[in-house]
There are 2 protein chains.
Amino acid sequence: MQFGGGAVAIDVYEAVKTSIVQGELLPGQRLTEEFLSNTLGVSRTPVREAMKRLEADGLVTPIKRRGVVVRSFTREDVQQIYDIRALLEGFAAGHAALHRTDEQLGQMHHAVSQYERCLTARIHRRQHVHDIMRCNNLFHQLIHASAHNPHLTFMIGKVIVLPLVFRSFYWYNTLEIAGSLEEHKHILRAIACQDVEWATAAMRSHIYRGRDHVLAHISDLATSITDAPLKPGE
Amino acid sequence: MQFGGGAVAIDVYEAVKTSIVQGELLPGQRLTEEFLSNTLGVSRTPVREAMKRLEADGLVTPIKRRGVVVRSFTREDVQQIYDIRALLEGFAAGHAALHRTDEQLGQMHHAVSQYERCLTARIHRRQHVHDIMRCNNLFHQLIHASAHNPHLTFMIGKVIVLPLVFRSFYWYNTLEIAGSLEEHKHILRAIACQDVEWATAAMRSHIYRGRDHVLAHISDLATSITDAPLKPGE
DNA sequence: AATTCCATTTTTGTATGCAATTCGGCGGGG
DNA sequence: CCCCGCCGAATTGCATACAAAAATGGAATT
């Protein structure tokens, strides 16, 4: 009825989530059901369900009887979340070192090669940033899968949205990307020779470097959409 | 913070959750929206939202176009989840050792004393089991709070539902409860003297003992609803 | 007797109406 | 001049109607 033939109802959850991650919806912005249903061309019911899910993800926070606002993260949030992420991803890397199959190891090698190709295709303009992000995500996901603990994968997925929100890769320069690639190689080597401690430590170090990168740039956009009229505590 | 949870009338989410935890709704049982709305006396709309939230918690799993079923956990699930729990709670204990206030330490002492009182009030019949669970939860929650990392607390809350589902405390005998109490004392001592490594290790050990206790009894009810309903400790 | 196909039944997905609640401003009183 | 309470507007929470998809059961056919 509403959309051109064939297109079934769009997924509200995915639509809003990507809008937040891509920065089209800014932290602090209020989202009313009516606004979203108008924008997306669906009724309020599916919008409500999507909001419930986004709340569970921690991407939006509910305001009593007044809908939700896009969540804003403080420096402290970043530090705390990255602590957890380092813990979980380090654990995952350690288990991956133990439990990886040879096929998975090959896939990791491939992911690193791809990463390298993206990098040598230099001139990292926006479009290439996206490719690099894909390669990076692929590598990490392969490690999560190799840990053979679906619950762990699930938990990591929860803490991984934050760096997405900050879109930290947009601020990487070529040198920093090369550094990240080197770290991936270290991790890969540790997993290849099944050295649990090394893999764990290398991954943790890698994560903390990512954290510091975010912290270094957070002042750029940590402030929410409305700086002036703001009630801090709630 | 992250949890909205403003309950005005009858909160469907809480009602269904406690029903699952208390074992009134058995793993594998299918929950249709109509059934729940009839049972709880509300319309389908709030039921749907509650289901979305329970899905995010992992307490129910959706069936394509067929509603949800109460999730059932395998031994492997238990092992994997407890690995994560040991990781997170150990981390929390370590940070609690570092960042606890003296007041929080006092509260922990109080929680341990209460625990001890419940124990010496022996003859652990059903009712006392509940008290002991409360004391246990209180102690752990105090540690989580003392870590001063809300995100960590949030994540732990996600992995802590599992032992609730298995209601492991119902199978503890007096001796085992005394052992658990001793472990709490150890953890408390470590936190008191701000020994990070000790606190972490003691907590991890404590968690793994809980895991083994669950694993030892899991065969009793790991299977789903199709088996005869079972009320532990009766 | 087994299988396939169709009609019926169940049950979810979506849309919308209505009541309840909260916010924002406005006017009166101290 | 400032504070307090009231009224209208905005917006969610819940209930219900309707449509669509999947299962279910039965009948006809091989």
Side-chain angles (χ1 to χ4, degrees), chain A residues 1-17 19-20 25 28-71 224-226 228-234, chain B residues 1-17 19-20 25 28-57 59-71 224-226:
Chain A
M1 181 149 133
Q2 43 272 36
F3 288 89
V8 202
I10 59 170
D11 187 347
V12 178
Y13 171 78
E14 289 296 336
V16 176
K17 183 173 177 180
S19 287
I20 292 175
L25 295 174
Q29 180 161 353
R30 181 164 160 222
L31 303 176
T32 69
E33 295 177 3
E34 191 189 11
F35 167 72
L36 290 173
S37 60
N38 287 344
T39 307
L40 300 172
V42 295
S43 84
R44 282 174 46 213
T45 309
V47 170
R48 285 179 131 269
E49 296 177 5
M51 290 305 106
K52 277 284 180 294
R53 236 177 119 187
L54 289 169
E55 282 179 31
D57 289 353
L59 278 177
V60 302
T61 59
I63 307 295
K64 68 169 173 178
R65 200 88 190 189
R66 225 100 259 273
V68 301
V69 297
V70 179
R71 168 145 195 188
S224 63
I225 184 174
T226 55
L230 174 73
K231 277 168 66 173
E234 192 56 60
Chain B
M1 293 218 128
Q2 319 223 24
F3 338 95
V8 183
I10 295 178
D11 189 347
V12 179
Y13 171 78
E14 288 297 336
V16 175
K17 184 172 175 179
S19 287
I20 291 176
L25 296 174
Q29 181 161 354
R30 182 164 159 222
L31 303 175
T32 69
E33 296 178 3
E34 192 188 11
F35 167 72
L36 290 173
S37 61
N38 287 345
T39 306
L40 300 172
V42 294
S43 84
R44 282 177 47 215
T45 309
V47 169
R48 286 184 126 267
E49 295 176 7
M51 290 305 106
K52 278 283 182 293
R53 227 173 128 191
L54 289 169
E55 280 179 32
D57 288 352
L59 277 177
V60 301
T61 59
I63 307 295
K64 179 182 66 167
R65 196 98 192 181
R66 222 82 207 123
V68 301
V69 298
V70 179
R71 168 144 196 190
S224 66
I225 185 179
T226 49

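Chain identifiers are assigned alphabetically (A, B, ...) following the order of the sequence lines, protein sequences preceding nucleic acid strands; residue numbering begins at 1 within each chain.
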Take the protein atom CG of A:L36 and the nucleotide atom P of D:dA10, then report the distance between them rounded to whole Å.
18 Å
Can you confirm whether more than 12 heavy atoms, excluding those of B:E34, are under 6.0 Å from its CD atom?
no
Here the distance between atom P of C:dT14 and atom CG of A:D11, to the nearest Å, is 9 Å
Just how far, in rounded Å, is P of D:dT11 from CE of A:M51?
15 Å
From the set C:dT12, D:dT11, D:dT12, return the single nucleotide nearest to any side-chain atom of A:R44.
D:dT12
Round to the nearest Å and state the distance from A:L40 atom CG to C:dA15 atom C1'.
15 Å
Using a 4.0 Å heavy-atom cut-off across all strands, classify B:T32 as base, sugar-phosphate, or nothing.
sugar-phosphate
In whole angstroms, how far is the P atom of C:dT12 from the CZ atom of B:R30?
6 Å
Can you figure out which of C:dC23, C:dT14, D:dG13 approaches the side chain of A:K64 most closely?
C:dC23
A:E33 CD to D:dA10 P: how many Å, rounded?
16 Å
What I want to check is whether an N or O donor and acceptor connect the side chain of A:R65 with the base of C:dT22 at under 3.5 Å.
no
Under the side chain to side chain contact (heavy atoms under 4.5 Å, CB included) rule, what do A:L59 and A:V16 come out as? Steps first, then yes or no, please.
CA-CA 10 Å; A:L59 278 177; A:V16 176; over 6 Å; no
Please name the pair of heavy atoms, one in B:R30 and one in B:V69, separated by the smallest distance, quoted to 0.1 Å.
CA-CG1, 3.8 Å
Once you round it to whole Å, what is the distance between C1' of C:dG17 and CD of A:E34?
14 Å
Mapping B:R66 and A:S43 onto DNA chain C by nearest heavy atom, which one lands closer to the 5' end?
B:R66
Earlier contact from the 5' end, DNA chain D, for A:T45 and A:G67
A:G67
Rounded to whole angstroms, how far apart are CZ on B:R48 and P on C:dT16?
16 Å
As an exercise, state the distance from CG of B:L54 to CD1 of B:I20, rounded to the nearest 0.5 Å.
5.5 Å
Exercise: identify the closest heavy-atom pair between B:V68 and B:P62
CG1-CA, 3.8 Å
